[in-house]
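By convention in this document, chain letters (A, B, ...) are assigned in the order of the sequence lines, proteins followed by strands, and residues within each chain are numbered from 1. Since the model is a prediction, treat every value here as computed from it, not as a measurement.
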Amino acid sequence: MTESLTDIIADLEDRDLLVQLAGGEGAREHLLSGSRTVYCGFDPTAESLHVGSMVPLLVLKRFQMAGHQPIALVGGATGLIGDPSFKSSERSLNSTDLVESWVEQLKPQLGRFLDFNCGSNSAILANNLDWTRDYDVLGFLRDVGKHFSVNAMIQKDSVKQRIDREGEGISFTEFSYMLLQSYDFSELNKRYSCSVQVGGSDQWGNITGGIDLTRRMHQQQVFGVTTPLVTKSDGSKFGKTESGTIWISPTKTSPYAFYQFWLNVADADVYTFLRYFTFLSTVEIEEIERSDREAQGRPEAQGILAREATRLVHGEEGYTAAARISQALFSGDIGRLTESDLAQLELDGLPCTQFEALPVGLVDALVRTELAKSNKMAREFISNKAVSVNGEVVSEADVELTGSQALHGQYLILKRGKKLFHLVKLPRP
RNA sequence: GGAGGGGUUCCCGAGUGGCCAAAGGGAUCAGACUGUAAAUCUGACGCGAAAGCUUCGGUGGUUCGAAUCCACCCCCCUCCA
């Protein structure tokens, strides 16, 4: 498999996915002259990865596609400590049980992006708890700690605000994080001859720490590649919507919601995101951009991005289901949906609530379906003409939902605002 | 252990006895305009239909009345030991 090496660095540069190379001039040459082992770590800070983690993860995949061997590392150990990099305040520690369960949930998510069965550059899944759990304190301080200068560590940008800024501080626990991540790199170098680490640009300090440590402990020159942190043109935070974080896990964010997230990406960001989040070639992406510019009206790019990203994360089936729901709900005529269309929407993961009996006041229904947080909000939405039932705007707060309105005697589609739908299911008459 | 500073509604941040459900900004939500964009404008933003009720780290207290005063406790920060 090593014979088909491509220039991964050129590819990353092309896609604006390369922020910095660490480890000196030799990095590109190193990657071009042979199949290398490349690692990227993901800390368990929740039960699922979110879209923000996709950039480095896909970069790892890009390395594999370019002929290198990827190691996806789950931070079973580092997740117990907490990375202080560019965090404005100390975080509270999660229990070991919790972190352990998150590790188990992250593993399959990481795995699905990489190929574990492709010969010499098959992916490896590792957990840094494996080599830190039984490391004794004195040994660690003597072998690893001795190589770090606190003077240098407090100069790092990543912890500067925690040290300089009035009103903030940093515990020794978090301060030690860098030692652990650095040690991971040197350990992976020893175990797997891993010579490249990929990470977001916020990981620069931790990566260079690992490069130095590996040189000191094993006399090996290793390298780092940092990827951009995804930002949005309007300055708001990437990966969050009104309903919260966009997760990879289908139980936390349905494929439909995931698809909608990408579909709603701003024009100003969409071509950048195509480069970051899809495997379409830059030539294809430029072509999309050109044709969008020439056509007036709605660009194609969001649809393509949504399709590609959803396929990557939720597979072809997830994508078709998501696209099918979107098509049904946004193409207008909700009243024309057939009974099986509606049943399919439910199966496809449109949020759905079973009601036991009718009539139910509309205000009540909005609260029960979580389309409104409180009765007060529900009333406000109704009076703003933001609520519709089966596609018909309802502006009277005291309206009751009755069985006779139900489509095919069984379903009601509630809509709040322009984009939020909820299926209400009634017992069969 | 000592000295000092601080903990306000999602976030930042005013408020230092009644006019405070608590300024201002941000975020968010809805509407108009649109392309399920962006920008802009309008409105909402503790709960309640309302009367009213519950909030300003916690618990008690002073007072006709407390986010504001007092006591104790918890947590954070800075400096000293």
Quiz item: Which pairs pass side chain to side chain donor-acceptor pair (under 3.5 Å) with one or both residues in residues 352-368 of chain A, sequence neighbours excluded?
Solution: Thr353(A)-His422(A)

Practice problem: Just jot down the side-chain contact (heavy atoms from CB on, under 4.5 Å) partners of Arg293(A), sequence neighbours excluded, or say none. | Solution: Glu289(A)

Quiz item: So, do Tyr256(A) and Leu345(A) sit near enough that their side-chain heavy atoms are less than 4.5 Å apart?
Solution: no

Practice problem: Would you list the pairs meeting ring-ring contact (aromatic ring centres under 6.0 Å, His included) in which at least one residue belongs to residues 378-399 of chain A, sequence neighbours left out? | Solution: none

Please enumerate all protein N or O atoms sitting under 3.5 Å from an N or O of nucleotides 52-55 of chain B, with distances to 0.1 Å.
none

Self-check item: Any-strand Watson-Crick or G-U partner of G46(B), both distances under 3.5 Å
Solution: C53(B)

Practice problem: Could you give the distance separating U8(B) and G13(B) at their C1' atoms, to the nearest angstrom? | Solution: 9 Å

Quiz item: To the nearest angstrom, how far is Lys373(A) atom NZ from G46(B) atom C1'?
Solution: 10 Å

Practice problem: Please tell me which of Glu380(A) and Val387(A) maps to the more 5' nucleotide of RNA chain B, matching each residue to the nucleotide holding its nearest heavy atom. | Solution: Val387(A)

Practice problem: Write down the distance separating the C1' atoms in A3(B) and G58(B), rounded off to the nearest Å. | Solution: 25 Å

Practice problem: Could you give the distance separating G18(B) and C33(B) at their P atoms, to the nearest angstrom? | Solution: 46 Å

Quiz item: Taking only residues two or more places apart in sequence or in another chain, which ones pass side-chain contact (heavy atoms from CB on, under 4.5 Å) with Phe116(A)?
Solution: Leu114(A), Ala123(A), Leu125(A)

Quiz prompt | Listed partners of Lys385(A) passing salt bridge (charged side-chain N to carboxylate O under 4.0 Å, His left out), at least two apart | solution = none

Exercise. Would you indicate whether the side-chain heavy atoms of Glu396(A) and Leu362(A) approach each other to under 4.5 Å?
Key: no

Quiz item: Considering Watson-Crick and G-U wobble pairs with both distances under 3.5 Å, what does G4(B) pair with?
Solution: C77(B)

Quiz item: Expressed in whole Å, how much space separates the C1' atoms belonging to C29(B) and C45(B)?
Solution: 8 Å

Practice problem: Return the nucleotide paired to C72(B): Watson-Crick means purine N1 to pyrimidine N3 with N6-O4 or O6-N4, wobble means G-U with N1-O2 and O6-N3, both under 3.5 Å. | Solution: G58(B)

Practice problem: If a protein heavy atom is under 4.0 Å from the base, mark B; if only from the sugar-phosphate, S; if neither, -; do that for nucleotides 32-41 of chain B going 5' to 3'. | Solution: SBBBBB----

Quiz item: Between atom NZ in Lys415(A) and atom P in A30(B), what is the gap in whole Å?
Solution: 11 Å

Quiz item: OP1 or OP2 of A49(B) sitting under 4.0 Å from any side-chain N/O of Arg379(A)?
Solution: yes

Quiz item: Considering Watson-Crick and G-U wobble pairs with both distances under 3.5 Å, what does A38(B) pair with?
Solution: none

Exercise. Just say parallel, tilted or perpendicular for the rings of Phe172(A) and Phe175(A), cut-offs at 30° and 60°.
Key: tilted

Quiz item: For Asn384(A) and U42(B), what is the distance between atoms CG and C1' respectively, to the nearest whole Å?
Solution: 10 Å

Quiz item: What is the distance, rounded to the nearest whole Å, between atom CE of Met377(A) and atom P of G46(B)?
Solution: 7 Å

Exercise. Quickly work out the Asn375(A) CG to C47(B) P distance and round it to whole Å.
Key: 10 Å

Self-check item: Inter-nucleotide C1' distance (A27(B), C76(B)), Å rounded
Solution: 25 Å

Quiz item: With sequence neighbours excluded, what pairs up with Asp292(A) under the salt bridge (charged side-chain N to carboxylate O under 4.0 Å, His left out) test?
Solution: none

Quiz item: Which whole number of Å gives the distance between the P atom of C12(B) and that of G48(B)?
Solution: 26 Å

Practice problem: Tell me whether the centres of the aromatic rings in Phe330(A) and Phe421(A) are closer together than 6.0 Å. | Solution: yes

Quiz item: Does a nitrogen or oxygen in the side chain of Ser374(A) sit under 4.0 Å from OP1 or OP2 of G48(B)?
Solution: yes

Practice problem: Kindly write out the residues that satisfy ring pair (Phe, Tyr, Trp, His ring centres under 6.0 Å) with Phe273(A), not counting sequence neighbours, or none if the list is empty. | Solution: Phe238(A), Phe277(A)

Quiz item: In whole angstroms, how far is the P atom of G31(B) from the CZ atom of Phe381(A)?
Solution: 9 Å

Quiz item: To the nearest Å, how far apart are Ile170(A) CD1 and U78(B) C1'?
Solution: 16 Å

Quiz prompt | Rounded distance in Å between the P positions of C20(B) and A67(B) | solution = 13 Å

Practice problem: Could you work out the separation of C11(B) and C19(B) based on their P atoms and round it to a whole Å? | Solution: 25 Å

